[in-house]
Student: 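What follows is a structure written as structure tokens; I'll ask about it next.
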2 protein chains.
Amino acid sequence: MNKYAKQSPILVAVDCIIFGFDGYDLKLLLIKRGFEPEKNKWSLMGGFVQPNEKPEEAASRVLNQLTGLKNVYMEQLSVFGEPNRDPIERTISITYFALIDIKKYEKQLNDEYRAEWFPLDRIPRLIFDHGKMVEQAKQKLRYKAALHPILFELLPEKFTIPQIMTLYEQVYDVEFDKRNFTRKLRSTGLLIKQSDKDKENSKKGAFYYKLDKATYKEKFTKFLNFISNPAY
Amino acid sequence: MNKYAKQSPILVAVDCIIFGFDGYDLKLLLIKRGFEPEKNKWSLMGGFVQPNEKPEEAASRVLNQLTGLKNVYMEQLSVFGEPNRDPIERTISITYFALIDIKKYEKQLNDEYRAEWFPLDRIPRLIFDHGKMVEQAKQKLRYKAALHPILFELLPEKFTIPQIMTLYEQVYDVEFDKRNFTRKLRSTGLLIKQSDKDKENSKKGAFYYKLDKATYKEKFTKFLNFISNPAY
DNA sequence: GCAAAAGTGTTTATGCTACACCCATGT
DNA sequence: ACATGGGTGTAGCATAAACACTTTTGC
């Protein structure tokens, strides 16, 4: 059969908003764009969707190129489609956000993409509409993390409660009461206490926990009310 | 400057999942596709994104073509991008869901698009991946309506509490206690009681209410906990 | 007068918030 | 011994859930 007549195809790209946590700070991974226009300006990692490639495959490929990581938590965010958002040629961009444990990031910084981790409150000016994409991703992260345990995707296999609490505090930009926070977290049944402690960050040491993966899967899509009245 | 070399553009379409409520039932608006392939099969209303048109403009245009309505509540859902989802030519589709009061629907049925309203539990087989799109939209509606007062977008200016309750019961496929439901709804401050009654649906008659638009705007983005433990 | 739907209150249980002190250890 | 961060309990309050009877009116 013939192709659809009279229709104009458009370039389709993906852009990844990559959040990472190193145990202390929540950060965003940005690259220095390697080609014109806006060469050498800070940018999200992105790429074009190839023929015979699903958009989510393109996003995984692009993320893997930059970080060396596979099987990363990724979620489709939304489409940016202003006709003139890219000055060279009309391109719509599908955004994805990814959550990774920075310690797993294997590539050297300053490699071919000249990538750097930026704390969320010190994001530089970004090209095109990438600033808006980041804002939307931050909002979605807050939204989703209030209801589902996605922030565990940012943590290593073994983590401590003070670490998780720091992470939540950075996502919501508030301070929590550690007694209430601990109680609520434990009540989810998601944590398995380990017998060893992290002694790097305090003298007394904080017990390590692991995620109960069965409970995690089971409860993931439920509304968990992690954060009662999140700013949104 | 030159265009991006070596990249393959793709057709970009929008498809609209149009929910409507007539005071009794929650329904979906479908059309009989007017061209090949899959001509005369049931389909979502859609269309191609034109040059110089934003995707959301395309969605509004397409919705207006079908219903005659403007300024309808619409929200971007997600992208469907499987390389072979359309057998004729690669096309990615951006889905939007729309909420409308069926009584406002102005066009005659069986016009050029041969559109019909289907109760949600009697959706026919749809072309391509449109069935998946509808499932995703139903899920998103449940998700969002549990936290934000979007279901009011389906109601006429004047509505009764039993009507809203029926609507919520259909969205979540459960029965609510009318005392608890009424109390919770009123506690939001979203309703303004009118002095007249709807006498069509009962002998006693149910008081009409209007939406308090200022409160609606103010509370829209807050988490309202309309439904405590929604199935999702 | 009766059938059909609207409207209204109370009690109980659960979850959330606020709040302060002791513990373990490295220096 | 002291400074640092980790860990724990309780009481008051607010919200949610369960539950049944009265009201209105068209027929």
Side-chain angles (χ1 to χ4, degrees), chain A residues 23-25 145-147 149 155 158-170 172 174-210 219 222-231, chain B residues 23-25 145-147 149 155 158-170 172 174-210 219 222-231:
Chain A
Y24 306 96
D25 291 305
L147 303 164
L155 292 165
K158 280 163 59 175
F159 48 81
T160 67
I161 291 185
Q163 274 176 353
I164 312 176
M165 192 165 121
T166 307
L167 175 52
Y168 273 87
E169 288 182 334
Q170 288 188 49
Y172 293 99
V174 290
E175 298 201 339
F176 295 109
D177 179 281
K178 65 180 171 177
R179 288 162 292 188
N180 293 338
F181 185 87
T182 305
R183 189 185 312 114
K184 189 179 248 183
L185 201 60
R186 281 215 258 258
S187 75
T188 62
L190 288 168
L191 300 189
I192 302 172
K193 191 171 185 172
Q194 306 301 113
S195 52
D196 52 337
K197 285 183 165 186
D198 162 37
K199 309 270 294 182
E200 278 182 40
N201 297 293
S202 74
K203 292 161 186 172
K204 183 175 178 181
F207 279 106
Y208 280 118
Y209 287 79
K210 285 187 179 177
K219 296 206 168 171
K222 301 232 166 35
F223 286 71
L224 279 173
N225 215 29
F226 271 93
I227 309 299
S228 300
N229 290 299
Chain B
Y24 306 97
D25 290 305
L147 303 163
L155 292 165
K158 280 164 58 176
F159 48 82
T160 68
I161 289 185
Q163 274 177 355
I164 312 177
M165 193 163 120
T166 306
L167 176 52
Y168 273 88
E169 288 182 334
Q170 288 188 50
Y172 293 99
V174 289
E175 298 201 337
F176 294 109
D177 179 281
K178 64 180 171 178
R179 288 161 292 187
N180 292 338
F181 185 87
T182 306
R183 188 183 314 111
K184 190 179 247 185
L185 202 59
R186 280 214 257 261
S187 75
T188 61
L190 288 167
L191 300 187
I192 302 172
K193 191 172 186 173
Q194 305 301 113
S195 52
D196 52 337
K197 284 183 167 186
D198 162 37
K199 308 272 292 182
E200 277 180 41
N201 296 293
S202 75
K203 292 159 185 172
K204 183 176 179 182
F207 278 105
Y208 280 118
Y209 287 79
K210 285 187 179 175
K219 296 205 168 172
K222 298 228 167 40
F223 286 72
L224 278 174
N225 215 30
F226 269 92
I227 309 298
S228 301
N229 291 300

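By convention in this document, chain letters (A, B, ...) are assigned in the order of the sequence lines, proteins followed by strands, and residues within each chain are numbered from 1.
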Student: Protein-nucleotides 24-27 of chain C N/O pairs closer than 3.5 Å?
Tutor:
| unit_1 | atom_1 | unit_2 | atom_2 | d |
| --- | --- | --- | --- | --- |
| C:dT25 | O3' | A:Lys203 | O | 3.4 |

Student: Can you tell me how far P of D:dG6 sits from OH of A:Tyr209, to the nearest Å?
Tutor: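 These atoms are roughly 12 Å apart.
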Student: Do the non-hydrogen side-chain atoms of B:Met165 and B:Leu167 ever get within less than 4.5 Å of each other?
Tutor: no
Student: In this structure, how many angstroms lie between the P atom of D:dA20 and the NZ atom of B:Lys178, rounded?
Tutor: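 Distance, rounded to whole Å: 13 Å.
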Student: Sequence neighbours excluded, which residues qualify as ring pair (Phe, Tyr, Trp, His ring centres under 6.0 Å) partners of A:Phe176?
Tutor: A:Phe181
Student: Can you measure A:Glu169 atom CD to D:dG5 atom C1' for me and round it to whole angstrom units?
Tutor: 14 Å
Student: Let me know the distance between CZ of A:Phe223 and P of C:dG15, rounded to the nearest Å.
Tutor: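 Distance, rounded to whole Å: 18 Å.
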Student: Test of understanding: with salt bridge (charged side-chain N to carboxylate O under 4.0 Å, His left out), list the residues that count as partners of B:Arg186, not counting sequence neighbours.
Tutor: none
Student: Do nucleotides 9-17 of chain D as a string where each nucleotide becomes B, S or -: B if the base has a protein heavy atom under 4.0 Å, S if just the sugar-phosphate does, - if no protein is that close.
Tutor: BB-----SB
Student: Using whole Å, report how far CG of A:Asp196 lies from C1' of D:dG6.
Tutor: 15 Å
Student: Tell me, please, which residues at least two apart from A:Thr188 pass side-chain contact (heavy atoms from CB on, under 4.5 Å).
Tutor: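 A:Leu190, A:Phe226.
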Student: State which residues pass side-chain hydrogen bond (donor to acceptor under 3.5 Å, both in side chains) with B:Asn201; sequence neighbours excluded, sorted by chain then number.
Tutor: B:Tyr24, B:Asp198
Student: Rounded to the nearest 0.5 Å, what separates atom CZ in A:Phe223 from atom CG in B:Asn225?
Tutor: 9.5 Å
Student: Would you please name every residue forming a side-chain contact (heavy atoms from CB on, under 4.5 Å) with A:Lys197, sequence neighbours left out?
Tutor: A:Lys199, A:Lys204, A:Phe207
Student: Expressed as a whole number of angstroms, how long is the span from B:Phe181:CZ to C:dA6:P?
Tutor: 13 Å
Student: Under the rule for side-chain hydrogen bond (donor to acceptor under 3.5 Å, both in side chains), what residues qualify as partners of B:Lys210, not counting sequence neighbours?
Tutor: none
Student: Would you mind reading off the distance between B:Asp198 atom CG and D:dG26 atom P, rounded to a whole angstrom?
Tutor: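 One finds 13 Å between P of D:dG26 and CG of B:Asp198, rounded.
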Student: Name all residues meeting the salt bridge (charged side-chain N to carboxylate O under 4.0 Å, His left out) criterion together with A:Lys219; count only those two or more places apart in sequence or in a different chain, and write none if there are none.
Tutor: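 Expected list: none.
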Student: Just the rounded figure in Å: distance from C1' of C:dT8 to CG of B:Leu185.
Tutor: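 Interatomic distance, CG of B:Leu185 to C1' of C:dT8: 15 Å.
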